[in-house]
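These values consider heavy atoms only, across backbone and side chains, with no hydrogens, waters or symmetry-generated copies. On a predicted model such as this, the values are computed, not experimentally measured, just so you know.
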Amino acid sequence: MSKVIPGRFTAQMDGSFVVFIIGMRVNKLWALHKWLPVAKAMNPMLQELYRNPELGFVDASFHLSWRGVTLIQYWKSFEQLEHYARHGATHLEAWRNFNKKVGTDGAVGIYHETYLIPEGNYECVYNNMPISGLAKAGRHVPAVGKRETASRRLGRDGEPAVPTPSNPT
């Protein structure tokens with residue numbers, strides 16, 4: 001279990017970055033022979049990415065549901081993400097196996113969403129949380145001053161301070 005960091009924090013990212021959400025959904029529970037290989041293919045890809053930081057992958061987090069899994073990944077650039085998708089040996093093997101063994105039979109679904117985030121066009125807050133998400137991919141910094149509120153984190157002015165026991169509103 002990750003250590004909880006008391007207080008309010010946010011993330012600091014230098015430059016633009018990519019948020020890539022990828023996952024699988026089990027559509028036919030009894031088709032274990034179809035969806036289990038898809039699920040098992042995720043870990044070797046992540047291991048390859050963590051071992052090779054020059055590929056542009058920064059970090060990922062897993063989110064499980066009873067029907068599948070979602071990974072939220074952070075990348076340095078879309079070009080690096082696309083290069084890995086089209087040239088990464090582990091990914092290419094998994095992609096080809098999916099198309100060959102599952103294809104469009106409906107037993108298991110896969111999806112992804114890609115978000116290109118320009119510098120300064122994001123905001124987040126972590127209150128009494130372990131270092132996670134964007135703060136783990138970037139830097140975990142106190143949410144004070146210009147980072148205190150959502151509007152301030154997005155470079156906007158005029159929003160009042162966050163109510164706390166020492167400054168109730």
A side-chain contact here means heavy atoms from C-beta on lying under 4.5 Å apart; do V18 and Y74 qualify?
no
Return yes if a side-chain donor-acceptor contact under 3.5 Å exists between E93 and W95, otherwise no.
no
Y122 with Y126, same ILVMFWY side-chain cluster at under 4.5 Å:
yes
Verify whether one side chain among T90 and E48 offers a donor that lies under 3.5 Å from an acceptor in the other.
yes
Between the side chains of H63 and S61, is a donor N or O closer than 3.5 angstrom to an acceptor N or O?
yes
Any side-chain heavy atom of L154 sitting closer than 4.5 Å to one from S151?
no
Under the criterion ring pair (Phe, Tyr, Trp, His ring centres under 6.0 Å), I'd like the reasoning laid out for Y115 against F20: C-alpha separation, chi angles, the key distance, then a yes or no.
CA-CA 6 Å; Y115 301 94; F20 183 64; 9.6 Å; no
Are any non-hydrogen side-chain atoms of R8 and V125 less than 4.5 angstrom apart?
yes
Are any of the side-chain heavy atoms of R152 and E123 separated by less than 4.5 Å?
no
Is the gap between the ring centers of F57 and W75 under 6.0 Å?
yes
How about N97 and N99: do any of their side-chain heavy atoms sit closer than 4.5 Å?
no
Please examine the side chains of I21 and L71, heavy atoms only from C-beta on, and report whether any two atoms are closer than 4.5 Å.
no
Where does the angle between the aromatic ring planes of H91 and Y84 fall among parallel (under 30°), tilted (30 to 60°) and perpendicular (over 60°)?
tilted
Is any side-chain heavy atom of Q73 less than 4.5 Å from a side-chain heavy atom of I22?
yes
Whether D105 and K28 form a salt bridge (side-chain N of Lys/Arg under 4.0 Å from carboxylate O of Asp/Glu) is what I want to check.
no
